[in-house]
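To keep things clear, I will list the structure first and then write my remarks on it.
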Amino acid sequence: EDEQIVAEIMGRRFFPDLIAYKTWEGFHFAGHEIRITEATDCYGAVVWPSALVLCYFLETNSKQCNLVDKNVIEIGAGTGLVSIVASLLGAFVTATDMPELLGNLQYNVLQNTKQKCKHQPCVKELSWGIDLEKNFPRSSCHFDYIMAADVVYHHPFLDELLLTFDHLCQNDTVILWAMKFRLENENRFVDRFQTLFDLEMIYNFPSLNIALYKAMRKGRMKA
């Protein structure tokens, strides 16, 4: 079953027939052909398999995870694939990442959602742990879903990432987080994450070493 679903997920990706002046990959999700412009000089400008896993879940579970008119924020949006798919599925999406990635992120989001979505997504700077209350005040920023794909890896900002999850997540917010396990750091982060949030694994793909989690604030997980 793992191999069958993984093959289906990876089958959503396609590549250009001809070499173009910009490097891009194509994906089929939410009834649309999505073209993502990439760069090879930084982690955030490449589509990682965890993003495909999360997009596949959103598309194939649209009844139990109905995004229509929901307020969604993606942290570490990178190239924007997850934000684009969530937008195509009817959500109002805020796609966030570090300043140096926003140009490419904005380009991808606009190219793939303009006149295709109920709500036009917005792109906003979010450096983990920095000016959270100033830029995302808890009194006025309420998110139904926080989405993240491959935000945990060997980087020095895991404390700030956890702080960001904590700040953005209110009592009824659902976190959907796809993660590739590479090193022991990932396991330690999951342990720390579980001190604040109830965590449920909803997908596990050993062949990709990727798990998809659903989380809510401690004690608030709904059936």
Within this structure, what is the [atom1]-[atom2] distance for the pair [X] and [Y], rounded to the nearest 0.5 Å?
X    : Y    : atom1 : atom2 : value
F92  : C122 : CZ    : SG    : 4.5 Å
L168 : F143 : CG    : CZ    : 6.0 Å
D2   : N204 : CG    : CG    : 7.5 Å
I34  : L88  : CD1   : CG    : 5.5 Å
S83  : L105 : OG    : CG    : 6.5 Å
F136 : T164 : CZ    : OG1   : 9.0 Å

Could you check whether any side-chain heavy atom of [X] comes within less than 4.5 Å of a side-chain heavy atom of [Y], counting everything from C-beta outward?
X    : Y    : answer
V152 : V190 : no
L176 : I146 : no
L81  : L52  : yes
V93  : I73  : no
F29  : L58  : no
F165 : I75  : yes
S87  : K116 : no
F193 : Y213 : no

Between [X] and [Y], is there shared hydrophobic-cluster membership here, with clusters defined by ILVMFWY side-chain heavy atoms closer than 4.5 Å?
X    : Y    : value
V151 : M201 : yes
I84  : L110 : no
I130 : F157 : no
V68  : V82  : no

Between [X] and [Y] (side chain of the first, backbone of the second, donor and acceptor by atom type, cut-off under 3.5 Å), is there such a pair?
X    : Y    : result
N61  : F57  : yes
Q170 : C141 : yes
H167 : L132 : yes
E125 : E100 : no
N71  : H142 : yes
R35  : P16  : no

Salt bridge (Lys or Arg N to Asp or Glu O under 4.0 Å) contacts in which one or both residues fall within residues 71-89, not counting sequence neighbours: none
Can you sort out the partners of D69 under salt bridge (charged side-chain N to carboxylate O under 4.0 Å, His left out), two or more places apart, ordered by chain and number? K118
Nearest heavy-atom neighbours spanning [X] and [Y]:
X    : Y    : value
N171 : R217 : OD1-CD, 3.5 Å
T113 : V109 : OG1-O, 2.5 Å
C169 : R138 : O-NH1, 3.6 Å
L54  : A149 : CD2-CB, 4.4 Å

Within a 6.0 Å radius of atom CD on E133, are there more than 12 heavy atoms belonging to other residues, nucleotides or ligands? yes
Only one of F197, F189, Y203 clears ring-ring contact (aromatic ring centres under 6.0 Å, His included) with W177; which? F189
Step by step, work out the side chain to side chain contact (heavy atoms under 4.5 Å, CB included) result for T173 and M216. CA-CA 6 Å; T173 303; M216 294 186 77; over 6 Å; no
Can a salt bridge be assigned to the pair [X] and [Y] using a cut-off of 4.0 Å between side-chain N and carboxylate O?
X    : Y    : result
D97  : K124 : no
D159 : R192 : yes
E25  : R13  : yes
R12  : E59  : yes
D198 : K218 : yes

So, [X] versus [Y]: side-chain donor-acceptor pair below 3.5 Å or not?
X    : Y   : result
E8   : Y56 : yes
S207 : E3  : no
N108 : T79 : no

Please assess I36 against W24 for the test side chain to side chain contact (heavy atoms under 4.5 Å, CB included), listing each intermediate value before the final yes or no. CA-CA 5 Å; I36 297 293; W24 63 271; 5.9 Å; no
Given side chain to side chain contact (heavy atoms under 4.5 Å, CB included), test K180 with W48 step by step and report yes or no. CA-CA 9 Å; K180 182 177 179 69; W48 299 99; over 6 Å; no
Sorted by chain and residue number, the side chain to side chain donor-acceptor pair (under 3.5 Å) partners of Q115 (sequence neighbours excluded) come out as none
Run through I210, L212, L208 and flag the one making a side-chain contact (heavy atoms from CB on, under 4.5 Å) with S50. I210
Can you confirm whether or not the ring centre of H28 sits under 6.0 Å from the ring centre of F14? yes
